[in-house]
Engineer: 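Just dropping this structure here.
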Amino acid sequence: MMLLKFTMLWLLVFCLSPSSSSARPAPYAMRISCGARENRRTPPTYTLWFKDFAYTGGIPSNATRPNLITPPLQTLRYFPLSEGPENCYNIRRVPRGHYSVRIFFGLVPHSDFEKEPLFDISIEGTLISSMKSGWTNHEDQVFSEALVFLSDGTVSICFHSTGHGDPAILSIEILQVDNKAYYFGQGWGEDLILRTAARLTLGTRKPRFDEDYSGDHWGGDRYWSPIRTFGHNADQPRSTENGIKQASDAPNFYPEALYQSAVVSTNSNPDLTYAMDVDPNRNYSIWLHFAEIDATVTGIGQRVFDILINGDSAFPDVDVVKMSGDRYTALVLNTTVAVKGRTLTIILRPNKGHAIINAIEVFEVITSEFKTVLVEVKALQALKNALGLPHRLGWNGDPCVPKEHPWSGVDCHLDTTTNKWFIDGLGLDNQGLRGFLPKDISKLRHLESINLSGNSIHGTIPSSLGTITSLQVLDLSYNSLTGSIPESLGQLTALRRLYLNSNSLSGRVPAAVGGRLLHGASFNFTDNAGLCGIPGLPPCGSHLSAGAKVGIGFGVALSLLLLVICSMCWWKRRQNILRTQQITARAAPYAKARTNLSHDIQLSRHQNHGHARTAAENGPSLLS
Ligand SMILES: *[C@@H]1O[C@H](CO)[C@@H](O)[C@H](O)[C@H]1NC(C)=O
Ligand SMILES: *[C@@H]1O[C@H](CO)[C@@H](O)[C@H](O)[C@H]1NC(C)=O
Ligand SMILES: *[C@@H]1O[C@H](CO)[C@@H](O)[C@H](O)[C@H]1NC(C)=O
Ligand SMILES: *[C@@H]1O[C@H](CO)[C@@H](O)[C@H](O)[C@H]1NC(C)=O
Ligand SMILES: *[C@@H]1O[C@H](CO)[C@@H](O)[C@H](O)[C@H]1NC(C)=O
């Protein structure tokens with residue numbers, strides 16, 4: 001049995017390993033068919049699409065695809081605004097690495113189907129793209145794609161409503177690429193994201209994925225938009241069946257077929273000009289692909305051209321055969337440019353012969369956003385559950401980024417020493433919250449202000465609130481809080497405003513809290529079940545402080561002692577009287593004299609205190 005298993009495993013490994021000598025494992029690949037209930041394999045490549053999972057909300061639906069290049073998937077998931085302004089796919093257990101992340105959009109077959117939704121897409125908190133109206137008519141706009149480094153084992157892909165229809169997602173692909181893929185030299189790093197702005201294959205009419213080209217899986221299954229020509233009479237297509245050398249090399253592993261078609265400029269129009277619309281004031285990384293596939297060019301020096309980007313010389317005197325080392329050999333040139341205007345223009349200007357080009361890639365270079373401290377994200381998620389936050393508030397993805405779409409009710413601050421965002425304010429007043437306050441709220445330890453006024457929050461005030469030392473404003477008024485005010489709130493030395501009015505709180509306001517408030521902070525404790533103990537509130541009844549209890553105990557003990565002493569006196573006196581009566585019976589004269597004396601002294605005492613006293617002190621056993 002064991003042996004059989006082992007043999008099968010060995011066979012499996014053997015079968016899966018590529019026929020080439022390369023020992024590199026297959027790259028990680030996760031493809032999700034949104035809205036699908038079953039895993040699927042779609043022709044022609046029979047790629048595996050996982051059934052829908054890892055979403056934060058939304059509704060599955062049959063898909064209407066813009067009839068362009070979308071993968072042949074039948075379903076989608078859409079996110080109506082009632083499900084919140086931001087929804088995400090949070091995919092876990094993604095190995096640390098460099099990835100091509102691609103999202104295809106769909107259309108919900110609804111009544112208002114004519115309307116294309118417009119929304120923003122972010123990956124790991126960084127805004128990748130904002131859809132532009134008319135996207136359904138442009139094949140390179142029916143998806144959004146970016147190269148990102150993922151380091152924490154998860155990837156969060158979020159869709160942010162902008163009030164123009166419901167985001168509808170057809171598919172999500174997370175495909176591992178080489179760690180150095182699209183390395184462009186200085187400035188390149190793991191904090192950068194490269195958004196695909198254009199990816200063109202020239203001199204062909206066929207749109208192609210790398211998979212269709214049987215490209216290396218480490219290439220990330222790029223989609224190549226076909227441009228057969230740059231314009232009428234501007235160029236001529238060229239193609240070849242010959243093999244191309246150095247095409248599928250690390251780190252980018254381009255498919256060989258990419259270099260088997262090209263365009264060449266003409267006599268009437270010597271410059272080859274490609275222009276595209278871009279967002280202004282961004283940096284773009286431009287990748288140009290060449291291979292000499294024209295049979296008429298046989299050696300070095302027969303075709304030489306300059307490459308200008310937005311008028312500036314980017315690559316002078318490009319001689320493809322010379323630079324690639326041979327004919328039918330791939331040459332890739334890359335450069336990064338800052339674009340101020342709205343157009344990016346690439347011009348190939350021949351010095352000798354005609355210009356040639358096989359493919360063009362343009363990426364927008366985006367700096368990744370810093371993220372929110374994980375502990376605080378988790379604390380907010382705990383708060384979301386405990387308070388029963390309504391869906392419409394969203395609260396998916398990162399609380400603070402993208403900066404254009406922070407969570408509502410959350411104020412963020414960037415710590416420039418750690419490059420992490422933290423939460424310094426929580427404003428969820430009048431949101432119809434019906435839950436309770438979790439003790440984990442104290443993990444938001446940078447909070448300066450909390451306003452949860454005007455909800456129906458029940459339960460007690462967690463004493464952990466007293467550990468948020470930066471807290472200046474705490475407004476929990478107009479809720480249904482019960483119990484007493486925790487002693488710990490007395491530790492909040494920065495507290496300036498404390499509003500607990502209109503709840504069902506009871507008990508004594510802790511002395512430290514009361515003391516602080518009397519020193520200039522503003523507060524309101526009115527309209528509660530029974531708070532007491534500071535000026536303006538009723539005095540505390542049964543609820544006594546420890547000091548009061550000691551005082552009362554002491555008082556009671558003293559009274560008891562007095563009582564005992566008094567009764568002893570009374571008893572002794574009674575004894576004396578009894579004894580006197582007995583003695584009188586035997587020696588009356590002496591006793592009578594003594595009684596008289598006592599009587600005299602008492603009289604004089606009424607007349608003159610001082611004398612009486614002296615007399616009394618002198619008198620023998622006068623008071624006994
Ligand atoms: C989706 O399409 C399938 C067949 O393709 C159909 O059976 C099903 O009723 C459709 N569902 C909806 C919600 O339109
Ligand atoms: C891109 O160009 C830079 C220099 O401009 C070079 O260092 C780098 O290796 C190139 N990248 C690739 C993948 O060829
Ligand atoms: C473009 O790149 C330059 C140099 O690397 C950098 O200083 C600048 O901030 C970048 N601009 C944008 C919009 O990213
Ligand atoms: C809290 O929110 C309520 C209702 O919006 C507002 O009236 C109150 O002033 C806020 N509290 C503080 C301390 O700002
Ligand atoms: C204090 O709270 C009560 C009841 O909630 C309210 O009527 C009153 O206006 C508040 N006082 C101040 C000074 O805000």
Side-chain angles (χ1 to χ4, degrees), residues 81-87 125 158 160-161 163 369 371-415 420-462 464-481 485-486 489 492 494-503 505 521-525 527:
L81 203 53
S82 58
E83 305 249 327
E86 62 253 313
N87 272 284
C158 301
H160 309 271
S161 295
E369 296 275 9
K371 295 209 221 161
T372 307
V373 183
L374 193 60
V375 177
E376 303 207 355
V377 180
K378 296 218 160 129
L380 284 174
Q381 282 161 349
L383 195 68
K384 170 183 170 174
N385 292 334
L387 288 175
L389 222 64
H391 283 305
R392 68 183 153 73
L393 283 179
W395 280 35
N396 292 308
D398 191 290
C400 302
V401 289
K403 289 194 285 288
E404 297 81 356
H405 301 283
W407 290 1
S408 59
V410 170
D411 296 330
C412 296
H413 192 91
L414 181 66
D415 180 343
K420 291 271 185 191
W421 290 93
F422 60 79
I423 313 302
D424 65 357
L426 204 57
L428 292 170
D429 41 286
N430 298 309
Q431 294 295 339
L433 308 177
R434 304 187 158 272
F436 64 97
L437 282 174
K439 71 174 189 339
D440 274 0
I441 192 172
S442 64
K443 291 192 176 150
L444 299 167
R445 59 189 189 87
H446 300 98
L447 280 177
E448 290 176 2
S449 162
I450 298 176
N451 193 347
L452 293 168
S453 172
N455 289 293
S456 307
I457 300 169
H458 61 262
T460 56
I461 301 174
S464 63
L465 271 182
T467 62
I468 309 178
T469 48
S470 50
L471 203 61
Q472 297 174 14
V473 175
L474 180 58
D475 189 343
L476 302 175
S477 60
Y478 301 97
N479 276 296
S480 310
L481 294 164
I485 301 175
L489 295 198
L492 298 174
L495 203 60
R496 288 185 291 106
R497 282 185 242 164
L498 177 61
Y499 300 137
L500 300 176
N501 49 296
S502 292
N503 276 290
L505 298 167
S522 99
F523 61 96
N524 193 343
F525 293 145
D527 190 18

Engineer: Answer yes or no: are there more than 12 heavy-atom neighbours, outside His391 itself, under 6.0 Å from its atom NE2?
Structural biologist: no
Engineer: Just how far is it from atom NE2 of His413 to atom CH2 of Trp421, taken to the nearest 0.5 Å?
Structural biologist: 8.5 Å
Engineer: For His458 and Phe436, take the angle between the two ring planes, folded into 0 to 90°, and tell me which bin it lands in: parallel under 30, tilted 30 to 60, perpendicular over 60.
Structural biologist: tilted
Engineer: Return each pair, listed once, that meets salt bridge (Lys or Arg N to Asp or Glu O under 4.0 Å) where at least one residue sits in residues 383-408; pairs must be two or more places apart or across chains.
Structural biologist: Glu369-Lys403
Engineer: Indicate the atoms forming the closest heavy-atom contact of Ser161 with Gly84, along with that distance.
Structural biologist: OG-O, 4.5 Å
Engineer: Any chance you could measure Arg434, atom CZ, to Ile457, atom CD1, to the nearest 0.5 Å?
Structural biologist: 11.0 Å
Engineer: Do Leu500 and Ile461 have side chains that approach each other closer than 4.5 Å (heavy atoms only, starting at C-beta)?
Structural biologist: yes
Engineer: Checking Lys439 now: which residues fulfil salt bridge (Lys or Arg N to Asp or Glu O under 4.0 Å) with it, not counting sequence neighbours?
Structural biologist: none
Engineer: Under the criterion side chain to side chain contact (heavy atoms under 4.5 Å, CB included), I'd like the reasoning laid out for Ile450 against Leu465: C-alpha separation, chi angles, the key distance, then a yes or no.
Structural biologist: CA-CA 10 Å; Ile450 298 176; Leu465 271 182; 3.9 Å; yes
Engineer: Just wondering, do Leu452 and Leu437 contact through their side chains at under 4.5 Å, heavy atoms?
Structural biologist: yes
Engineer: Please round to the nearest 0.5 Å and tell me the distance separating atom CD of Gln381 and atom CG of Leu383.
Structural biologist: 11.0 Å
Engineer: Can you tell me how far the CZ atom of Arg445 sits from the OG1 atom of Thr469, to the nearest 0.5 Å?
Structural biologist: 8.5 Å
Engineer: Kindly give the heavy-atom pair with the smallest separation between Trp395 and Leu426, and that separation in Å.
Structural biologist: CH2-CD1, 4.3 Å
Engineer: Would a distance-only check, ignoring hydrogens and angles, find a side-chain to backbone donor-acceptor pair under 3.5 Å from Asn455 to Asn479?
Structural biologist: no
Engineer: With rounding to the nearest 0.5 angstrom, report the CG to CD distance, Asp424 to Gln472.
Structural biologist: 9.5 Å
Engineer: Any side-chain to backbone donor/acceptor pair from Asn396 onto Glu86? Under 3.5 Å, distance only.
Structural biologist: yes
Engineer: Using a 4.5 Å cut-off on heavy atoms from C-beta on, say whether the side chain of Ser442 contacts that of Leu447.
Structural biologist: no
Engineer: Checking side chain to side chain contact (heavy atoms under 4.5 Å, CB included) for the pair Leu428/Leu389: CA distance, chi angles, key distance, verdict?
Structural biologist: CA-CA 9 Å; Leu428 292 170; Leu389 222 64; 4.0 Å; yes
Engineer: Can you tell me how far apart CG (Leu492) and OG (Ser470) are? Round to the nearest 0.5 Å.
Structural biologist: 9.0 Å
Engineer: Using a 4.5 Å cut-off on heavy atoms from C-beta on, say whether the side chain of Glu448 contacts that of Val473.
Structural biologist: no
Engineer: I would like to know whether His446 and Glu376 meet side chain to side chain contact (heavy atoms under 4.5 Å, CB included); could you show each step before the answer?
Structural biologist: CA-CA 9 Å; His446 300 98; Glu376 303 207 355; 2.6 Å; yes
Engineer: Just to verify, what does Ser453 make a side chain to side chain contact (heavy atoms under 4.5 Å, CB included) with, not counting sequence neighbours?
Structural biologist: Asp429, Asn451, Asp475, Ser477, Tyr478
Engineer: Could you give me the CA-CA distance, side-chain angles and deciding distance for Tyr499 and Ser522, then say whether side chain to side chain contact (heavy atoms under 4.5 Å, CB included) is met?
Structural biologist: CA-CA 8 Å; Tyr499 300 137; Ser522 99; 2.7 Å; yes
Engineer: Please find the pair of heavy atoms, one from Pro462 and one from Pro438, that lie closest to each other, and give the distance.
Structural biologist: CG-O, 3.9 Å
